[in-house]
**Student:** 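Would you mind keeping the following structure in view while I ask a few things?
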Amino acid sequence: MSNVYDILKERGLIAQVTHEDEIRALLDNEKVTFYIGFDPTADSLHVGHFLQMIVMRHMQMHGHRPIALVGGGTGHIGDPSGRTDMRKMMTDDVINHNCECFKKQLSKIIDFSDGKALLINNADWLLNLNYVEFLRDIGACFSVNKMLTAECFKQRLEKGLSFLEFNYMLMQSYDFLMLSRSYNCKLELGGDDQWSNILGGIELCRRKDRKQVYGMTFTLLTNSEGKKMGKTQSGALWLDPEKTSPYDFYQYWINVDDADVIKCLKLLTFLPLEEINKMAKYKDAEINKAKKVLAYEVTKLVHGEAEADKAREAAEAVFGSGMNSENMPTTEISKDEFENKISILDALVKMGIISSKGEGRRLIQQGGITLNGNKLSDVNYILSDSDFDGGEATIKKGKKVFHRLVIK
RNA sequence: GGGGAGGUUCCCGAGUGGCCAAAGGGGACAGACUGUAAAUCUGCUGCAUCUUGCUUCGGUGGUUCGAAUCCACCCCUCCCCA
């Protein structure tokens, strides 16, 4: 079997490494325990994290042992990297809840059975630290001068950086030291924005324990314009089906820019490179084929095969020929509501595809709402029996957002 | 601790008593064109019972017929000095 390092590199996942040759050799010669940290900033992981999870799986498939470190402790501080403002402080309850949610999602991609991977919370050691001891023991190893030159602090120095956040690097470095001591963890991975934090940990392990450990960062998921991917109108693209439905998730990937399809296939799927390279030759409208593959594969990884099939069927039914699909996002309205003369605006709000009635009015006025294939022009339209063929109606917002309305 | 500059809508940023739901730009959304792409052009962008009403310019009070705009106190940010 070939070296994981080469595979990761070939697929364009690797951004920076601390010691290229050593890491490559290490991964070749032994089962390496490595870790990636996830800070509990929300109650679901999103695509940015997904990329990290893909890497963990690649590594695991080659016999290495991942540690997923959830930041029950660091979450209390907040990582200033890549931020222009301070993160909101979170309460213990929220942090713990978020950690729980992460566990479930992580275990979909990574196999935690039989100790093949570990899930650890850094609250275990961070929350009971003694301030003075920590300063003497760990703080002494860091040079403020050096820290200030780190890229991740630079933009914050213009805007203001609190001492609290300044300490984040020490916390994360301490994590690595702890994992190195307790689990013989030799490698820390992370997004490219984590580079200086990772270097901090490596330096700390060397100074405290004279142990050589390594670091490696991965490409951030950005589009061809250099902007972060995974943003939708309703915020991030979440992995939790309650927060982003599998259908919307699928659609997101169908709608990526042409220029980004191949990159995403390499980064986010496990398809063999030969297959991806074939798709790279596609031209013009043919590129849509590659997008379908991308959307299906990624949805399958995150939501499972059954959901991916459903999402694909729904999309093809809707954008292919007919309008009907059982798997289209659906909202039910009760008979009572219907008989009370529900207006199109109320229905749109109920379906959650508009955020206010004002927006709905605008859309209708601009011809952005279609009911069963006919453009609506009447803002005050009341839904009637004739709109429901077999108890259901299809509503389209813009060109791409389809929704089914069913009377129950 | 002292001095200075600030906090405006999703973001940047104009507005310094009524003509302000608040210029301009970005982003987002929609229309045309397309391939469920990009680029381009157009529209639109606080909420609602939508020719009218209500809420919004860091917070709380006050002055005024009327406040984003004036006053007081408070909170926060940046810069300079200690």
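Numbered from 1 within each chain, the chains take letters A, B, ... in sequence-line order.
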**Student:** Excluding sequence neighbours, so at least two apart, what forms ring-ring contact (aromatic ring centres under 6.0 Å, His included) with A:His403?
**Tutor:**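 Once residues adjacent in sequence are excluded, A:His403 has no partner under the ring-ring contact (aromatic ring centres under 6.0 Å, His included) criterion.
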**Student:** Using a heavy-atom distance cut-off of less than 4.0 Å, which residues of residues 288-297 of chain A contact RNA chain B?
**Tutor:**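 Going residue by residue through residues 288-297 of chain A, the ones with a heavy atom under 4.0 Å of RNA chain B turn out to be A:Asn288, A:Lys291.
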**Student:** Between the base of B:rU36 and the side chain of A:Gln251, is one N or O donor paired with an acceptor at under 3.5 angstrom?
**Tutor:**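 Pair found.
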**Student:** With sequence neighbours excluded, tell me which residues meet side-chain contact (heavy atoms from CB on, under 4.5 Å) with A:Glu20.
**Tutor:**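 Expected list: A:Tyr5, A:Lys9, A:Val17.
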**Student:** Starting the side chain at C-beta, find the nucleotide from B:rC33, B:rC47, B:rC29 nearest to A:Arg362.
**Tutor:**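 The nucleotide sitting nearest to the side chain is B:rC47.
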**Student:** According to side-chain hydrogen bond (donor to acceptor under 3.5 Å, both in side chains), who are the partners of A:Tyr214, at least two apart in sequence or on a separate chain?
**Tutor:**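 Listed in chain order: nothing, the list is empty.
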**Student:** Looking at residues at least two apart in the chain, or sitting in another chain, which of them share a side-chain contact (heavy atoms from CB on, under 4.5 Å) with A:Ser386?
**Tutor:**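 For A:Ser386 the side-chain contact (heavy atoms from CB on, under 4.5 Å) partners, ignoring immediate neighbours, are A:Ser384.
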**Student:** Any side-chain heavy atom of A:Asp39 sitting closer than 4.5 Å to one from A:Asn98?
**Tutor:**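 Answer no - side chains too far apart.
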**Student:** Once hydrogens and angles are ignored, does a donor-acceptor distance under 3.5 Å link the base of B:rG31 to the side chain of A:Gln366?
**Tutor:**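 It does not, because no donor-acceptor pair links the side chain of A:Gln366 to the base of B:rG31 below 3.5 Å.
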**Student:** Checking A:Tyr183 now: which residues fulfil ring-ring contact (aromatic ring centres under 6.0 Å, His included) with it, not counting sequence neighbours?
**Tutor:**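 Testing A:Tyr183 for ring-ring contact (aromatic ring centres under 6.0 Å, His included), a comparison that skips the adjacent residues, returns none.
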**Student:** Picking from B:rU34, B:rC29, B:rA37, which would you name as closest to the side chain of A:Lys397?
**Tutor:**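 When the side chain of A:Lys397 is considered, B:rC29 is the closest of B:rU34, B:rC29, B:rA37.
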**Student:** Verify the contact: side-chain N or O of A:Lys357 to OP1 or OP2 of B:rU49, cut-off strictly under 4.0 Å; return yes or no.
**Tutor:**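 Looking at the OP1 and OP2 atoms of B:rU49, one of them is under 4.0 Å from a side-chain N or O of A:Lys357.
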